[in-house]
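Treat the numbers as computed from the prediction; the structure is a model and nothing was measured.
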Amino acid sequence: MLRKETSRSYHEFNDEEELQTPDFYQDNDSANGGLEEPEESIASVLPEEDIVNSNPFTLFNKACLKNVFTVLLLFIYLVLTAVAVFLAYQTITDFMEKLSHPVMSVTYKEVDVFSPPGIALYPGTAQLLSCKHHYHAHIPPLVTPGKPQPGDCVMEEVTYTGPYTNHTVKQALVVSGPTDVRNRELIFLQFSQNETEEDFSAITYMLFDKYNDLSRSVNKSGFMQDCERNYSMVTFSGGFRTWVKMSLVKTSGKKNESMEFRQESSVVKYNDKRPVSEQKAIQLFFVVFEWRDPFVQEVRDIVTANPWNTVAILCGVFMALFKAANFASFSVKWVIKIRKRHLRNRNRELTASSQRYVVTNTDINRLEE
């Protein structure tokens, strides 16, 4: 066979290259003045690149590796996209969870003087004997227990209907509480009650935020009803001295603020030195109110979810998704382009091979003639 079968490599055919016209289509008779030798004629038809043998398996392996690498890279970006979507979902879920479940923050504010709290006492049949301010937690000995004594407390009597029972009329004796916490100011109250048929004797009291709110209120009955709805009732028993230490707690919620008193009480037995007949006839009550410490406890609900951090994370996630989608689109277009180029080059190669085959047969026929 006079002609070697050759295979042209893929890199010979680019998008911009055009198929060159073989030298045979030129007028050889007019250019050279006659027929050439058979070997020279055949060599002039075949391009120099066709003489070099190239391995088609190597070209196929390279194209296959490129396609596998592209598919693997697309798979990696799909995995990263799934992770980004999960991260966005988890970030939004955590933000909503923290938003609906705020964290309680407790701080302490130190003060020298408290606003005078209101001490609402419900003595019932008992009688107030004295109400006096003392300092440095010192209470002098009782001189005439069971007898009225002078006092220096600011107080006011309020009659109102109970908020939970429409037919119950309550009479409250409201006393202005201690203020000077540094000097350990306290209020000492004495009550007496005649003999009663009850097995246990106790006096109920209630603490509310500010006594001045009651004194300035136009509707004192309505004010006391609101206090009874918002504050709890506590009792102290007869025959004992009850020492009540108060602490103030401010709670800041989503809608409003509330004040609450926390109490620590201790009970000491009173050594009654009166005659036995007088002890049976009249029962005595003693109660002391004092601030526990100079700190106001402030409780606030804090939302730990930071919207700016969440927005920043979501922006990063969406940018990653956009880049992944952009790269995936570019990779798909690139694969399609490479495929089209491969098919186009293959068609050109087949066309060129068929043209060379026709040219070779024509030269052989001419030589034979």
Side-chain angles (χ1 to χ4, degrees), residues 87-121 137 163-164 172 174-187 204-220 222-236 242-266 288-317:
L87 180 61
Y89 171 77
Q90 193 67 27
T91 302
I92 296 174
T93 304
D94 292 343
F95 178 78
M96 297 303 296
E97 184 71 16
K98 292 179 180 179
L99 192 64
S100 58
H101 296 86
V103 178
M104 183 179 294
S105 173
V106 180
T107 58
Y108 292 90
K109 180 181 178 181
E110 187 175 2
V111 296
D112 294 331
V113 177
F114 283 96
S115 299
I119 305 173
L121 298 136
Y164 304 108
V174 185
V175 180
S176 178
T179 59
D180 192 352
V181 65
R182 289 296 181 184
N183 293 322
R184 300 187 65 182
E185 178 186 4
L186 57 85
I187 292 179
T204 304
Y205 70 93
M206 176 183 63
L207 300 175
F208 60 90
D209 183 19
K210 295 179 181 179
Y211 176 81
N212 295 333
D213 292 342
L214 173 66
S215 60
R216 297 170 185 171
S217 178
V218 178
N219 185 8
K220 292 181 171 53
F223 179 83
M224 291 304 299
Q225 287 179 353
D226 294 336
C227 287
E228 190 170 344
R229 290 190 187 97
N230 298 324
Y231 298 94
S232 58
M233 296 281 189
V234 192
T235 60
F236 60 93
T242 304
W243 199 297
V244 180
K245 293 185 177 182
M246 307 172 294
S247 60
L248 187 61
V249 180
K250 294 182 179 180
T251 304
S252 300
K254 295 181 179 180
K255 297 181 180 180
N256 53 11
E257 295 184 356
S258 62
M259 308 293 290
E260 180 186 357
F261 284 92
R262 294 181 181 176
Q263 307 174 37
E264 294 180 2
S265 59
S266 58
V288 180
F289 292 96
E290 180 190 9
W291 289 106
R292 188 186 68 175
D293 49 45
F295 298 99
V296 179
Q297 183 177 348
E298 297 181 354
V299 181
R300 289 192 180 99
D301 292 336
I302 298 178
V303 178
T304 57
N306 192 341
W308 296 109
N309 291 342
T310 305
V311 170
I313 293 174
L314 292 179
C315 287
V317 170

Would you call R262 and Q297 a side-chain contact if the rule is heavy atoms closer than 4.5 Å?
-> yes
What are the two closest non-hydrogen atoms of K220 and L214, and how far apart are they?
-> CE-O, 3.6 Å
May I ask you to decide if the ring planes of W291 and F114 are parallel, tilted or perpendicular, using 30° and 60° as cut-offs?
-> parallel
Side chain to side chain, P178 and L186, heavy atoms closer than 4.5 Å = no
How many angstroms lie between OG1 in T179 and CD in E185, if you round to the nearest 0.5 Å?
-> 4.5 Å
In this structure, CE of M224 is separated from OG of S217 (nearest 0.5 Å) by 10.5 Å
Step by step, would you call F208 with M259 a side chain to side chain contact (heavy atoms under 4.5 Å, CB included)?
-> CA-CA 8 Å; F208 60 90; M259 308 293 290; over 6 Å; no
In short, salt bridge (charged side-chain N to carboxylate O under 4.0 Å, His left out) pairs touching residues 204-216 with sequence neighbours left out are none
Pairs meeting criterion salt bridge (charged side-chain N to carboxylate O under 4.0 Å, His left out) with involvement of residues 222-231, two or more places apart = K170-E228, D226-R229
Non-hydrogen side-chain atoms of I119 and F261 separated by less than 4.5 Å | no
Do you know which two heavy atoms are closest between V181 and V111, and how far apart they sit?
-> CG1-O, 3.7 Å
Could you tell me which residues satisfy side-chain contact (heavy atoms from CB on, under 4.5 Å) with S266, sequence neighbours excluded, listed by chain and number?
-> W243
Between V299 and E260, is any pair of side-chain heavy atoms under 4.5 Å apart?
-> no
Distance col, row M246:CE vs D293:CG, nearest 0.5 angstrom, shows 11.0 Å
First locate atom OG of S232, then atom CE of M206, and finally report the distance between them rounded to the nearest 0.5 Å.
-> 9.0 Å
Taking side-chain contact (heavy atoms from CB on, under 4.5 Å) as the test, write out the residues that go with E97, two or more places apart.
-> H101
F289 and Y205 aromatic ring geometry - parallel, tilted or perpendicular at 30°/60° bounds = perpendicular
Residue list, salt bridge (charged side-chain N to carboxylate O under 4.0 Å, His left out) with E290, at least two apart or on another chain | R184
To the nearest 0.5 angstrom, please state how far the CZ atom of F295 sits from the CG atom of L248.
-> 14.0 Å
For S176 and P116, the nearest pair of non-hydrogen atoms, with its separation, is OG-CB, 3.3 Å
Specify the closest pair of heavy atoms between T107 and R300, including all atoms of both residues, with the distance to one decimal.
-> OG1-NH1, 4.3 Å
Side chain to side chain donor-acceptor pair (under 3.5 Å) against Y211, all qualifying residues, sequence neighbours excluded = none
